[in-house]
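Not measured: the values here are computed from a predicted model. Labels below follow one simple rule: chain letters A, B, ... track the order of the sequence lines, proteins then strands, and each chain is numbered from 1.
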Amino acid sequence: MTVRTRFAPSPTGYMHIGGMRTALFNWLWARKNGGQFILRIDDTDLQRNMGEALGPILDAFRWLGLDWDEGPEVGGDYGPYFQSERRSLHDAALAQLLESGAVYRDFEPPEETKTQRETCEKEKRVYISSRVSVGLSADEVAAKVAAAEPHVVRLLVPRERKVTIEDAVRGHVEWDCSLMVDPVVARGDGSPLYNFATTVDDGQLEITHVIRAEEHLSNTPIQVLLHEALGNPLPVFAHLPFVAAPSGKKKLSKRDIAKYRKSPAFQKLFQLGDEVLGHLGINPIDDALSPVMVAYYREVGFLPAGVLNALARLGWSLDDATENMSLQTVLENFSLDRVVKASAGLDPDKLMSYQTHWMGELPLVEKVAGCVSILARAKLIPESPDETILTRLAKVIELVGNRMRVFGDILTMKEFFVDADMLVYDQKQFQKKIVEPENGIDVLRSIRAIVADSAEFSVAVLQSAVESFVQERGFKFGQIAPGLRLAITGRTSGADLFPTLELLGRDECLRRLDRAIGTADSMRIS
RNA sequence: GGCCCCAUCGUCUAGUUAGGUCUAGGACACUGGAUUUUCAUUCCAGUAACGGGGGUUCAAAUCCCCCUGGGGUCACCA
């Protein structure tokens with residue numbers, strides 16, 4: 001039998017990083033077994049703009065390179081793939097269950113049901129459905145339906161038995177039906193509820209493996225009972241541990257972003273994100289974009305390989321040592337029985353280490369492409385840069401090397417992309433390293449002369465010239481380097497100094513030195 | 001609270017199915033050192049865990065029971 005897995009997001013306008021992990025494992029299992037991975041959109045009673053709500057979800061899949069065999073945009077033989085368009089299928093299934101007596105129309109007023117529930121709770125008894133409507137004759141039911149009496153349709157839970165599953169990650173799990181409330185399967189008008197629609201759809205789509213997060217475990221007995229009533233073969237269930245927040249064991253949730261912002265574990269990621277998004281003109285403070293969303297990582301300039309690697313290792317491992325894995329490697333080695341049972345906290349540090357690894361592996365041309373797109377968005381280079389810019393950019397990228405962990409990092413290296421007069425100095429350091437030292441400005445003047453007069457503007461020539469100057473004056477290079485770097489780049493840390501000078505070019509270096517000298521002069525006077 | 005799930009370094013995990021090779025391995029983070037004109041890298045080294053109690057056994061991280069702790073879920077949402 002062909003393995004068929006599915007991911008069934010509701011169109012919420014964003015793709016949750018934990019949901020993405022679930023989707024990834026579904027994709028992996030299908031691909032590993034030469035089966036199909038299906039995207040079904042669970043959009044029942046959602047009246048939002050479908051394009052806006054679904055777009056970001058599909059974008060996330062495309063960005064990570066996870067393709068789907070059936071679903072939106074690609075269609076398939078088991079469609080429609082939007083749950084809202086599958087109503088006739090649900091209706092037919094409901095009619096079938098009504099016919100077989102597996103479900104019943106419940107006319108008990110909701111307030112009454114609620115009261116019973118509350119009473120039981122107060123008295124510490126287990127609440128089970130009263131089933132007052134089960135005794136109604138077919139004619140009585142028909143009459144009430146004809147009179148449009150409000151009601152719901154409930155599953156008649158077989159109370160005398162147990163439901164058991166052999167979960168592919170959890171093993172044997174069982175529930176005692178005598179403790180179960182008869183779940184509502186559809187409203188009086190026939191509109192299906194989640195558990196019912198899902199079961200009908202999974203059955204009709206011939207899903208063989210239901211791989212989903214642990215929070216659905218409690219829905220499972222209902223769905224198993226429904227599958228049985230429908231006469232469907234039972235899919236294999238695999239309940240993955242949910243993705244927890246860093247430094248906590250609670251489910252990672254969009255609602256808690258404000259809290260995460262204050263968490264030390266998340267600090268560095270937020271700092272990076274805020275800075276990069278700031279350069280892009282995106283306000284990261286509002287919830288539109290945050291680390292619980294896949295889009296966040298794309299915007300900040302993470303690589304799909306980095307995110308995928310981190311996601312794959314969240315609740316799964318290949319062996320006792322392998323950490324850096326391409327999607328291909330994960331695919332070749334994936335299995336459900338190596339999925340961990342305990343929930344796993346997303347670790348931003350570890351994510352960054354995977355990211356750094358894969359950025360290091362990326363060919364230069366692809367680094368250039370990634371930087372072009374983010375630099376253009378930050379308006380630091382034109383939309384379609386010419387050869388000169390591209391060649392120079394490649395040199396910058398090679399020079400900064402592993403200092404660029406994500407594409408967004410390039411935006412913090414503004415010194416390569418703005419003119420001398422736009423350079424922003426680190427004020428405190430400028431004061432301390434250039435203005436305050438006795439000969440700080442004089443040194444810069446001397447270096448300006450070297451830069452202006454050197455026969456050739458190359459690393460070798462500049463370096464030896466500066467070194468002999470340093471020696472003459474009885475300095476150490478380490479003493480003058482910070483000031484020089486500050487004058488040239490505005491910052492006290494960064495790529496190797498002489499190559500930076502060479503890359504910037506003689507004229508630009510002179511402008512920067514002049515500006516720094518001028519600024520320092522005026523600061524010293526005042 | 002009911003039902004269900006889970007429990008190894010700070011974190012992600014290996015080891016648990018078939019008890020000994022585990023004085024518990026790896027990675028991230030952290031600390032120290034070396035390299036480096038800064039920063040980042042790289043390289044070495046180090047700190048650090050089987051939640052507790054009972055069993056079973058010659059032998060338990062591994063099997064059983066209890067406790068504790070954490071979490072999920074309890075809708076005419078999905």
Side-chain angles (χ1 to χ4, degrees), chain A residues 8-12 42-46 83 106 110 113-114 117 120-122 124-127 150-154 167 169-171 173-176 179-181 183-189 191-195 197-198 213-221 239 241-242 244 246-251 264-265 268 310 313-324 337-338 340-354 356 360 400-405 409 429 433 463 466-467 470 476-482 484-486 489 491-498 500:
Chain A
S10 23
T12 52
D42 281 8
D43 60 345
T44 47
D45 65 43
L46 277 167
Q83 206 165 49
D106 177 19
T113 308
K114 199 178 161 207
R117 261 200 149 102
C120 285
E121 205 167 306
K122 227 176 281 172
K124 298 194 172 169
R125 281 187 292 124
V126 177
Y127 168 78
H151 66 285
V152 293
V153 180
R154 288 184 187 273
D167 192 284
V169 346
R170 257 147 242 284
V173 184
E174 65 174 40
W175 296 266
D176 187 343
L179 269 21
M180 281 169 67
V181 174
V184 177
V185 146
R187 301 183 183 90
D189 65 1
S191 58
L193 257 40
Y194 169 73
N195 276 126
T198 293
E214 189 187 352
E215 62 244 46
H216 285 287
L217 194 53
S218 52
N219 286 322
T220 306
H239 288 94
F242 55 82
S247 73
K249 288 175 192 94
K250 297 203 174 165
K251 205 163 62 162
K268 278 185 272 180
R313 282 289 285 101
L314 222 47
W316 181 82
S317 65
L318 195 164
D319 54 27
D320 62 345
T322 312
E323 291 288 345
N324 296 125
D337 55 22
R338 285 196 66 83
V340 167
K341 294 187 182 76
S343 65
L346 175 73
D347 182 351
D349 284 332
K350 193 127 188 179
L351 166 63
M352 186 53 93
S353 94
Y354 292 123
T356 307
V400 301
N402 54 29
R403 290 173 190 83
M404 183 176 81
R405 304 109 80 214
D409 281 326
Q429 291 295 327
K433 296 282 177 7
Q463 185 157 3
V466 171
E467 266 164 12
V470 162
K476 283 206 172 117
F477 183 67
Q479 289 173 267
I480 69 140
L484 177 55
R485 177 180 293 284
L486 216 30
T489 70
R491 303 187 293 140
T492 49
S493 64
D496 294 342
L497 196 43
F498 291 109
T500 301

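For A:Thr220 (side chain) and A:Leu217 (main-chain N/O), a donor-acceptor pair under 3.5 Å exists by modelled atom type. Within the 3.5 Å criterion, the main-chain N or O of A:Pro150 finds no donor-acceptor partner in the side chain of A:Arg187. Under the 3.5 Å distance criterion, the side-chain polar atoms of A:Arg170 are matched with a main-chain donor or acceptor of A:His239. Between the side chain of A:Asp43 and the backbone N or O of A:Gln83 there is at least one donor-acceptor pair closer than 3.5 Å. A donor-acceptor pair under 3.5 Å is absent between the side-chain atoms of A:Asp496 and the main chain of A:Phe498, judged by distance alone.
Residue contacts shown for A:Val181 are absent, as no nucleic acid heavy atom lies under 4.0 Å away. A:Ala213 comes within 4.0 angstrom of nothing in the nucleic acid, heavy atoms only. As judged by a 4.0 angstrom heavy-atom cut-off over every strand, A:Ser317 is placed among residues touching the sugar-phosphate backbone only. Using a 4.0 Å heavy-atom cutoff across all strands shown, A:Val184 reaches sugar-phosphate atoms only and no base atom.
Nucleotide B:C9 forms no Watson-Crick or G-U wobble pair with any nucleotide shown, as no partner meets the under 3.5 Å limit on both distances. Of all nucleotides present, only B:G2 satisfies the Watson-Crick or G-U wobble test against B:U73, with each distance under 3.5 Å. Look at B:C50: it lacks any Watson-Crick or wobble partner with both distances under 3.5 angstrom. Across all strands shown, B:U56 forms no Watson-Crick or G-U wobble pair with both key distances under 3.5 Å.
In the set B:C30, B:A78, B:C76, the nucleotide with an atom closest to the side chain of A:Lys268 is B:C30. Nearest to the side-chain atoms of A:Ser218 among the listed nucleotides B:C3, B:U73, B:C28 stands B:U73. If you check B:U38, B:C74, B:A78 against the side chain of A:Arg117, the one that comes closest is B:C74. Checking B:A78, B:U37, B:A14 against every side-chain atom of A:Ala481, the shortest atom distance belongs to B:U37. Of the candidate nucleotides B:A27, B:U13, B:U38, B:A27 has the atom lying nearest to any side-chain atom of A:Glu323. Counting only heavy atoms from C-beta on, A:Asp42 has its side chain closest to B:A78 among B:C39, B:C76, B:A78. Among B:C77, B:C12, B:G25, the nucleotide with an atom closest to any side-chain atom of A:Leu314 is B:C12. Proximity note for A:Arg403 (side chain, C-beta onward) versus B:C76, B:A40, B:C6: the nearest is B:A40.
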Check your understanding: Going through the distances and angles, do A:Val184 and A:Arg154 end up as a side-chain contact (heavy atoms from CB on, under 4.5 Å)?
Key -> CA-CA 4 Å; A:Val184 177; A:Arg154 288 184 187 273; 3.4 Å; yes

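On a pure distance criterion of 3.5 Å, no polar donor-acceptor pair joins the side chain of A:Lys341 and the base of B:A7.
A:Asp496 places its CG atom 17 Å from the P atom of B:U35, with the value rounded to the nearest Å. Regarding A:Asn402, its CG atom lies at a distance of 10 Å from the C1' atom of B:C39, rounded to whole Å. Between the CG atom of A:Asp349 and the P atom of B:U31 there is a distance of 12 Å, given to the nearest Å. Atoms OH (A:Tyr194) and P (B:C76) sit 16 Å apart, rounded to a whole Å. If you measure from atom CG of A:Asp347 to atom C1' of B:G26, you get 15 Å, rounded to the nearest angstrom. Distance CG (A:Asp319) to P (B:U13): 14 Å, rounded to an integer number of Å. Here the C1' atom of nucleotide B:U13 and the CZ atom of A:Arg338 are 10 Å apart, to the nearest Å. Between A:Glu214 atom CD and B:A7 atom P there is a gap of 10 Å when expressed in whole angstrom units.
For A:Val400 and A:Lys250, each mapped to the nucleotide of RNA chain B holding its nearest heavy atom, the one lying further toward the 5' end belongs to A:Val400. Each of A:Ala344 and A:Glu215 lies near RNA chain B, and the nucleotide nearest A:Ala344 is the one positioned closer to the 5' end.
Side-chain polar atoms of A:Thr492 and A:Arg485 form no donor-acceptor pair below 3.5 angstrom.
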